[in-house]
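Counting starts at 1 for both ligands and their atoms, following the listed order. Only this structure's heavy atoms are used, side chains among them; waters, hydrogens and symmetry mates stay out. Computed from a predicted model, the values in this text were never measured in an experiment.
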Amino acid sequence: MLETAQGVKVKVDGRNVINFCSNDYLGLASHPKVIQALQQGAEQYGVGSGSAHLIAGHSQAHHELELALAEFTGRERALLFSTGYMANIGVMTALLNAGDTVLEDRLNHASLLDGGLSSGARFQRYAHANSQHLAEQLAKAKAKGNKLIVTDGVFSMDGDMAPLAELATLAREHKAWIMVDDAHGLGVLGAQGGGVLEQLQLTQDDVPILMATLGKALGCCGAFVAGSEALIETLIQSARTFIYTTALPPALACASLTSLTLLRDEAWRRDKLAELSVYFSEGAKRLGLEILPSVSAIHPVIIGDSGKALAVSQALLVDGLWVTAIRPPTVPKGSARLRVTLSAEHDKADIDYLLTRLAHHCH
Ligand SMILES: *Cc1c(COP(=O)(O)O)cnc(C)c1O
């Protein structure tokens, strides 16, 4: 149980620890300007939004955030959802029906898998980041019916990137749609923090459906989908997880807008995070730890056995290091891991200490 604000130095169950498992990659969750925006937003709009967007809950703050997110991502329009989980379910159930086919990376986030399963479409999974395998499945998919390719931009438990340029080309060749969930790339990748699509310069024509969350690098809560006018109108009319739920508190939209400005204008956080990521990876390799190649702030240390992963996590906590063990079914069997996540608020001494203790407990 966390007793302090989210951040790098936190108190958990009475113990002061360094946090290495949060998705608050830029340290914005407790940034004074973001907190102030939330307070001012609450004074202006109150706390609750009072209703769903389509009844009486859509405020000017929501509208401004949607405009800013569309501009930031270079898409025609954006639509807010209360959580990323709901955004993914909403998009996929709105766009797909029986007779359609959804093709997903095997390591996609649970919300994407659930969205695909509940859509009623034929559900296919391709080998992780394997565009060749996807091409074979696309060739076999029914000619009639829509095809939707769905992938994490940065994989949430692995930290690597989907081969998006190849996937976008395949989508074009096979007249399929493609949807990218960039929960872990937004704010972290791209010169302006626009995520994997900015980094690879993929436009709305290349990737028509972009989803990302406000709860990770932005340090707030909620999510959005960005794309064409037609996509957003379709979601407003038929995404049930948008229609039938209370809108985010407007003050949270105010906080997210401030976060977005900080994230875009203050690139030093992104630069520092990238530098720390290289520092961690090189140190881990030197010490012979089994890590996965990462392009992001996510650095899994593979342990394999679930019991051992738990034991190492416990031992780290006693050392003052907080790294939750991630086990099946969240990750494939036999690949239990410590999912180390870095923040722009860490410094090299924090990482040195983590690496020393990891090496001690893992070997
Ligand atoms: C966190 C996450 C989500 C869910 O977002 P919430 O806003 O936490 O519901 C969806 N997709 C990915 C890849 C995520 O990491």
Taking only heavy atoms of Asn88, which atoms of ligand 1 are found under 4.0 Å from at least one of them?
-> 10 (C), 11 (N)
Parallel, tilted or perpendicular: ring planes of Phe20 versus His346, cut at 30 and 60 degrees | parallel
Distance from atom 2 (C) of ligand 1 to nearest protein heavy atom, with residue and atom | Lys216 NZ, 2.4 Å
Specify side chain, backbone, both or neither for Ala223, according to which of its non-hydrogen atoms lie closer than 4.0 Å to ligand 1.
-> neither
Side chains of Gln201 and Asp206: donor-acceptor distance under 3.5 Å anywhere?
-> no
In terms of atom number and element, which parts of ligand 1 are under 4.0 angstrom from non-hydrogen atoms of Ala183?
-> 12 (C), 13 (C), 14 (C), 15 (O)
Assess whether side-chain hydrogen bond (donor to acceptor under 3.5 Å, both in side chains) is satisfied between Tyr279 and Asp352, documenting all intermediate values.
-> CA-CA 9 Å; Tyr279 189 76; Asp352 287 337; 2.6 Å; yes
Residue pair Asp100 / Leu148, side-chain heavy-atom distance below 4.5 Å = no
Going by the atom numbers of ligand 1, which of them fall below 4.0 Å from some non-hydrogen atom of Ser111?
-> 10 (C), 11 (N)
Would you call the rings of His53 and His62 parallel, tilted or perpendicular, where under 30° means parallel and over 60° means perpendicular?
-> perpendicular
Taking the six-membered ring for Trp and the single ring otherwise, decide whether the centroids of His128 and Phe155 are under 6.0 Å apart.
-> yes
Atom 15 (O) of ligand 1: the protein heavy-atom neighbour that sits closest, reported with distance to 0.1 Å | His184 NE2, 2.5 Å
What is the nearest protein non-hydrogen atom to atom 7 (O) of ligand 1, stated with its residue, atom name and distance?
-> Gly84 N, 2.7 Å
With heavy atoms of Thr83 as the reference, note each atom of ligand 1 found under 4.0 Å away.
-> 7 (O), 9 (O)
Can you tell me the protein heavy atom closest to atom 13 (C) of ligand 1 and the distance?
-> Asp181 OD2, 3.3 Å
Looking at atom 9 (O) of ligand 1, what's its closest protein heavy atom, distance included?
-> Tyr85 N, 2.9 Å
Nearest non-hydrogen partners of Ser343 and Asp24, listed with the distance = OG-O, 3.9 Å
